[in-house]
Amino acid sequence: ISGVYHSLASGQLNVENGAVLAPLASWQNDGHMVIHSTAGANVSELRLNNYVTLGGAGDLLLNDVANAQITSPSGYTLTNALGHKIHGAGRILPGYTNHGSIIADAGLNVTLSLENSATNDGLFSAQNNARLVLSGSINNSGGTIFANGGDVQMNGSAILYGTFRTVGSSAVETTANSSITGGLPARYGGRLSSVIDISMKDGNQKDFTVDASIGMISSKLTMQGPIKKNKSSFIFSARRTYLDLLARPLISAIAQGQG
C-alpha cells in the first residue's frame, strides 16, 4: 500500500491468518487494526517495505504470540507515534522508535516480545498478568517502563536512562547479560551507574533432584525439589574447596622457615 493511509475511528482493518499487510509510508490510524485476526498456524505480518510511522489515536492489536508479527526483511524501522498504541501478544522484529505506548495485555504469562534495539520516550507496559520481553539496547531517555499488573523481562538487553515503575506483585526481571544504566529502580539505592542483577536460581517445583560432584580441589552438592508441587520449591547448595588443606603444609613450612 503506497501513500498515506487513514483509518477512521469507526473503522477496523483485519489481517487474517497467513496474510501480509505491507505499507510503504505513514499510516494515520484512528481506528482499530488487528494482526492475525483469525485463528490459524500461519504467520500474519505487518511487513515494513519502507520506513513507516503509525500515528493517530487508534490501536494496533497483535493477536497471537507466535504468528502475529511486525517484520522488516530489508532492515527498515518502525515509528510508533505519540497517542498511538500497539498492544496484545506477538513479536516486533525490526528496530523501532516509540513515542506512544507498547503494552503487553493479552493475559496470564502471554508474551509481547520486542526483539530489536529501540528508542523509547513513550511507554512500555505489562498489564493484565501478561509479559513484556525486551531485547537489544534501548535508549529509554524520557520514557517509562512500567510493570503495571504484568511482568517486564529484560532478555539480554541494556536499558539506558528513563524511569522504571512497578505496582503490587509485578516485577522487572533480568536475564544474563542484562543491565540498567541511569534512572535505576529504588531497590538499587539510587545508584547512578549501571547494575548487574544476579538472582538466585529457582528450585525444581516438580521433582526432587540431587546433583553432586567430586573434584581434585573442590566438591559440591545441590538438592532441590517441591514443597508444594507446581506451587513452591526449595533449593540447597553447598561447595567445599580443599585449597586450605592443600596449602596447609606449605604454610606450616613457610612459618617454620621464618621462625
Side-chain angles (χ1 to χ4, degrees), residues 23 25-30 33 46 48 50-62 70 72 75-105 111-128 130-168 170-175 177-197:
S26 298
W27 197 299
Q28 182 72 17
N29 176 35
D30 291 313
M33 298 168 58
L46 175 65
L48 309 182
N50 204 336
Y51 297 101
V52 171
T53 296
L54 292 177
D59 71 291
L60 169 63
L61 172 65
L62 299 175
I70 299 177
S72 180
Y76 293 109
T77 58
L78 173 70
T79 298
N80 188 44
L82 180 66
H84 190 264
K85 179 171 75 172
I86 299 173
H87 65 118
R91 302 174 65 192
I92 299 178
L93 301 176
Y96 57 96
T97 297
N98 179 49
H99 304 300
S101 58
I102 299 179
I103 302 172
D105 59 3
T111 298
L112 176 60
S113 183
L114 313 183
E115 302 182 18
N116 213 318
S117 296
T119 297
N120 175 50
D121 58 16
L123 173 68
F124 288 156
S125 182
Q127 303 173 9
N128 194 32
R131 182 181 300 272
L132 181 67
V133 178
L134 304 177
S135 302
S137 176
I138 298 176
N139 183 346
N140 192 46
S141 181
T144 298
I145 300 174
F146 192 7
N148 182 22
D151 293 336
V152 176
Q153 178 178 314
M154 296 168 54
N155 185 22
S157 57
I159 311 295
L160 308 176
Y161 314 113
T163 300
F164 285 78
R165 297 180 61 194
T166 61
V167 170
S170 303
V172 176
E173 305 173 5
T174 59
T175 61
N177 301 318
S178 297
S179 65
I180 306 170
T181 304
L184 304 178
R187 68 177 183 274
Y188 295 127
R191 299 295 188 270
L192 296 178
S193 186
S194 61
V195 169
I196 298 176
D197 189 337

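Being a predicted model, the structure only gives us computed values, none of them experimental.
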*Asks:* Restricting to non-hydrogen atoms, name the atom on A81 and the atom on H99 that form the minimum distance, rounded to 0.1 Å.
*Replies:* C-CB, 4.0 Å
*Asks:* Which atom pair, heavy atoms only, marks the closest approach of Y96 to P94?
*Replies:* CD2-O, 3.3 Å
*Asks:* Is the closest side-chain heavy-atom distance between N29 and H84 below 4.5 Å?
*Replies:* yes
*Asks:* How far apart are the closest heavy atoms of S157 and G136, and which atoms are they?
*Replies:* CB-O, 3.0 Å
*Asks:* Side chains of L114 and L132: does their closest heavy-atom pair fall under 4.5 Å?
*Replies:* yes
*Asks:* Side-chain contact test, heavy atoms from C-beta onward, threshold under 4.5 Å: evaluate it for W27 versus M33 and give yes or no.
*Replies:* yes
*Asks:* Within the side chain of N155, is there an N or O that forms a donor-acceptor pair under 3.5 Å with the backbone of L134?
*Replies:* no
*Asks:* What distance separates S125 OG from I145 CD1, expressed to the nearest 0.5 Å?
*Replies:* 10.5 Å
*Asks:* What I'd like to find out is whether the side chain of V52 reaches to under 4.5 Å of the side chain of S26, using heavy atoms alone.
*Replies:* no
*Asks:* Would a distance-only check, ignoring hydrogens and angles, find a side-chain to backbone donor-acceptor pair under 3.5 Å from T77 to G95?
*Replies:* no
*Asks:* Apply side-chain contact (heavy atoms from CB on, under 4.5 Å) to the pair L60 and L46, showing each step before the final yes or no.
*Replies:* CA-CA 10 Å; L60 169 63; L46 175 65; 3.9 Å; yes
*Asks:* Working to the nearest 0.5 angstrom, can you tell me the gap between T97 OG1 and N80 CG?
*Replies:* 10.0 Å
*Asks:* Is a side-chain N or O of D30 found less than 3.5 angstrom from the main chain of A57, in a donor-acceptor match?
*Replies:* yes
*Asks:* Can I102 and L112 be said to form a side-chain contact (heavy atoms from CB on, under 4.5 Å), step by step?
*Replies:* CA-CA 9 Å; I102 299 179; L112 176 60; 3.9 Å; yes
*Asks:* Using a 3.5 Å distance criterion without hydrogens, assess whether the side chain of N98 forms a donor-acceptor pair with backbone atoms of L123.
*Replies:* yes
*Asks:* Rounded to the nearest 0.5 Å, what's the gap from NE2 on H87 to OG on S101? Could you check?
*Replies:* 8.5 Å
*Asks:* Is any side-chain heavy atom of I138 closer than 4.5 Å to one of F124?
*Replies:* yes
*Asks:* Flag the pair L78 / L48 as yes when at least one side-chain heavy-atom distance between them is below 4.5 Å, and no otherwise.
*Replies:* yes
*Asks:* Using every non-hydrogen atom in the two residues, find where D105 and N128 come nearest and quote the distance to one decimal.
*Replies:* O-ND2, 3.1 Å
*Asks:* In the structure I gave you, are the side-chain heavy atoms of V133 and M154 within less than 4.5 Å of one another anywhere?
*Replies:* no
*Asks:* Kindly compute the distance separating CD1 (I70) from CG (L62), expressed to the nearest 0.5 Å.
*Replies:* 5.0 Å
*Asks:* Which salt bridge (charged side-chain N to carboxylate O under 4.0 Å, His left out) pairs, counting each pair once, include a residue from residues 76-104, with sequence neighbours left out?
*Replies:* R91-E115
*Asks:* List the steps, then state whether side-chain contact (heavy atoms from CB on, under 4.5 Å) holds for T79 with L54.
*Replies:* CA-CA 6 Å; T79 298; L54 292 177; over 6 Å; no
*Asks:* Not counting sequence neighbours, list each pair that qualifies as a salt bridge (charged side-chain N to carboxylate O under 4.0 Å, His left out) and has a residue in residues 138-149.
*Replies:* none
*Asks:* I need the N116 CG to I92 CD1 distance, nearest 0.5 Å.
*Replies:* 11.0 Å
